[in-house]
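Each chain gets a letter, A, B and so on, in the order the sequences are listed, and its residues count up from 1. These values consider heavy atoms only, across backbone and side chains, with no hydrogens, waters or symmetry-generated copies.
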2 protein chains.
Amino acid sequence: MNKTIPSRKKHSVLPAPTIRRFPLYLSFLKSLKGKENVYVSAPDIAKTLRIDSTQITKDFSFIKVAGKTKVGYEINKLVQNIEKFLGYRDPKKAFIIGIGNLGTALIKYNQFSQEGLEIIAGFDIDTEKVGTRVISTKIYHIKNFKKRFNETPVEIGIITTPSEQAQIIADTIIECGIKAIWNFSASPISAPGTVIVENTSIDSGLAMIKWKLNAGRPLIYK
Amino acid sequence: MNKTIPSRKKHSVLPAPTIRRFPLYLSFLKSLKGKENVYVSAPDIAKTLRIDSTQITKDFSFIKVAGKTKVGYEINKLVQNIEKFLGYRDPKKAFIIGIGNLGTALIKYNQFSQEGLEIIAGFDIDTEKVGTRVISTKIYHIKNFKKRFNETPVEIGIITTPSEQAQIIADTIIECGIKAIWNFSASPISAPGTVIVENTSIDSGLAMIKWKLNAGRPLIYK
DNA sequence: AATCAATAAAGAAATTTTTCTTTAAAAGAA
DNA sequence: TTCTTTTAAAGAAAAATTTCTTTATTGATT
């Protein structure tokens, strides 16, 4: 008993790993643009990305781009379709909570605007920060979150606070009716099944690296 | 043809997703410490973390912590074993390249020292930054990377530069003999199979959120 | 024109990961 | 004590994901 809450995954006709690979493909493809080549083949992409070429083919098939035998895929078409698929032309609004270095980095991350994410306000408890702007994004006190949210509802709440505060912030913004939480804090967030939670955990990445460095061998301690 | 380079995965006796879940467990378990409870059960963890409880049991079995029927797992023991497993007491050294907001955030991220990661120097091209310190971490010009590396070899190179520079930086540090690259830039990095590459891609996280927000339905454009 | 080589595409197979099922143990209640 | 309930643990089954295999197409070469 105590099963995982039945996730939206069931709706999904395409694998989550595939979705996560698309931005990678996109970045690679964009680095190709401007060069003379109009086409790129799956084996070519495979070479630099260290992904099996048939997997790339399969991934592309999900977004209905046909490749040409012996030639490959039309780069522009691929870029267009992936961007469409990822909803780059379907912008979502977000608030960000926690205006430390990471929060600031995310606000300044200038790709978001092209990727269909608009961070329209920031929140913090630090009164020094309240009232300032990061680029053009205004920083408010966290206590005004609900008010701001009601004025301008957003779909996504980005949490970049220290771990200890992450859950409290999450509870607050869930109560306001946020649809999705993008959690950059180290601690997992407890949320009802109706709320989408995506963790971008730095620590998970580190765990993986250290594991690979030790080549999957269990560490021996004295 | 053009298969994925045979990965170290084969060594791995335990699933990559399991490894990535450990830091999550750890964070949750630590939030429990200080409270009166000595034990925690898998179903309890499952409830907050939205992970199937048998999966948690299975994950824990990999690191040889025995639970007690009807009671659960000893919190302290779990914490200890996970930390051991993740190599928290087996520190690795790192250089970080790109001292923007993200780079600064990572240097300031004070959990790394407990997690067995020591960022011992930073590098940038910006002469304004060269010579300064972020907390106690000295910032050098990227052209001095090789020299510094030879003086103090590190296992991990953390790339937090803009996408365009990521590959050039990667090539440079691979040539120096870095073992692992932790890539925070949006663009994938091409590296020989001997080099460990871990991507912590912000864009992948966004892709996933937007997909879930659209409930797995393909976006329709006019 | 015929042959060769490279590639997409579709489907099958294999692998990996998750979920389900069963069993046994043990705490607490009756 | 006996019964009930909760839980870990192990193994089986299912599901998801990746990799392999085959086929067909097409551009290039002879």
Side-chain angles (χ1 to χ4, degrees), chain A residues 1-22 24-25 37-47 49-75 77-78 81 193 204 208 211 216, chain B residues 1-22 24-25 37-47 49-75 77-78 81 193 204 208 211 216:
Chain A
M1 39 236 63
N2 223 322
K3 314 283 167 61
T4 305
I5 290 112
S7 70
R8 289 149 191 270
K9 232 176 177 179
K10 303 286 165 191
H11 298 222
S12 171
V13 278
L14 84 177
T18 297
I19 297 168
R20 292 186 192 280
R21 277 189 295 267
F22 277 131
L24 233 59
Y25 294 142
N37 287 352
V38 177
Y39 292 93
V40 65
S41 73
D44 274 0
I45 303 176
K47 211 172 282 174
L49 265 55
R50 287 212 241 166
I51 296 174
D52 186 276
S53 72
T54 61
Q55 174 139 82
I56 295 172
T57 304
K58 201 149 279 185
D59 285 347
F60 289 172
S61 76
F62 286 118
I63 51 166
K64 317 280 179 225
V65 222
K68 220 170 163 182
T69 302
K70 197 72 201 288
V71 173
Y73 297 87
E74 202 182 314
I75 297 172
K77 212 174 188 178
L78 265 183
N81 282 37
S204 290
M208 207 58 212
W211 170 257
Chain B
M1 37 230 63
N2 222 319
K3 313 283 167 60
T4 305
I5 291 110
S7 69
R8 288 150 192 270
K9 232 179 175 178
K10 302 286 165 194
H11 297 222
S12 171
V13 278
L14 85 177
T18 296
I19 297 167
R20 292 186 193 279
R21 278 190 295 266
F22 277 131
L24 232 61
Y25 294 142
N37 286 352
V38 176
Y39 292 93
V40 65
S41 72
D44 274 359
I45 303 176
K47 210 172 284 175
L49 265 55
R50 290 213 239 163
I51 295 173
D52 186 276
S53 71
T54 61
Q55 175 138 79
I56 295 172
T57 303
K58 201 148 280 185
D59 285 346
F60 289 171
S61 76
F62 287 117
I63 51 166
K64 317 280 179 227
V65 222
K68 220 170 164 182
T69 303
K70 197 72 201 290
V71 173
Y73 297 86
E74 203 182 315
I75 297 172
K77 211 175 190 177
L78 265 183
N81 283 37
S204 290
M208 207 59 212
W211 169 259

Next on the checklist: Any side-chain N or O of B/Arg21 below 4.0 angstrom from OP1/OP2 of C/dT17?
Outcome noted: no

Next on the checklist: I'd like to know if the side chain of A/Ser204 and the backbone of B/Arg20 have a donor-acceptor N/O pair within less than 3.5 Å.
Outcome noted: yes

Checklist outcome for this item: Only one of A/Ile51, A/Leu24, A/Val40 passes side-chain contact (heavy atoms from CB on, under 4.5 Å) with A/Ile45, and that residue is A/Val40

Checklist entry - So which pairs with a foot in residues 60-72 of chain B pass side-chain hydrogen bond (donor to acceptor under 3.5 Å, both in side chains), sequence neighbours left out? => result none

Checklist entry - Under 4.0 Å between a side-chain N/O of B/Ser61 and OP1 or OP2 of D/dA9, yes or no? => result no

Checklist outcome for this item: What one should report as the nearest heavy-atom pair of A/Pro15 and A/Phe62 is CD-CZ, 3.6 Å

Checklist entry - Once you round it to whole Å, what is the distance between P of D/dA10 and CD1 of B/Ile56? => result 17 Å

Checklist entry - D/dG11 P sits how many Å from B/Gln55 CD, rounded? => result 18 Å

Item to check | Separation of D/dT18 P from A/Ile19 CD1 (nearest whole Å) | outcome: 11 Å

Checklist entry - So which heavy atom on B/Ala42 is nearest to which on B/Ser53, and how close? => result CB-O, 3.7 Å

Next on the checklist: So, does B/Arg20 get its side chain near the phosphate of C/dT17, meaning an N or O under 4.0 Å from OP1 or OP2?
Outcome noted: no

Checklist outcome for this item: Quick note, A/Ala66 side chain, CB onward, closest among C/dG11, D/dT7, C/dA9 is C/dA9

Checklist outcome for this item: Separation of C/dT16 atom C1' from B/Leu14 atom CG, nearest Å, is 12 Å

Could you run down the sub-3.5 Å N/O contacts of the protein with nucleotides 24-30 of chain D?
residue : atom : partner : partner atom : Å
D/dG27  : N2   : A/Lys70 : NZ           : 3.2
D/dG27  : N3   : A/Lys70 : NZ           : 3.2

Next on the checklist: I need the CG-P distance between A/Asp59 and C/dA8, as an integer number of Å.
Outcome noted: 13 Å

Checklist entry - Contact class for A/Phe60 (heavy atom, under 4.0 Å): base, sugar-phosphate, or nothing? => result nothing

Checklist outcome for this item: Considering only heavy side-chain atoms of A/Thr57, the closest of C/dT19, C/dA8, D/dA8 is C/dA8

Checklist entry - For B/Ile45 and D/dT6, what is the distance between atoms CD1 and P respectively, to the nearest whole Å? => result 18 Å

Item to check | Distance in angstrom units between A/Lys58 NZ and D/dA16 P, rounded | outcome: 15 Å

Checklist entry - Quick one: does B/Asp59's side chain get under 4.5 Å of B/Gln55's, heavy atoms only? => result yes

Checklist entry - Quick one: ring-ring contact (aromatic ring centres under 6.0 Å, His included) partners of A/Phe60, sequence neighbours excluded? => result A/Tyr25, A/Tyr73

Checklist entry - In terms of side-chain heavy atoms of A/Tyr73, which of C/dA8, C/dT17, D/dT17 is nearest? => result C/dA8

Item to check | Spacing of B/Glu74 atom CD relative to D/dA8 atom C1', expressed in whole Å | outcome: 15 Å

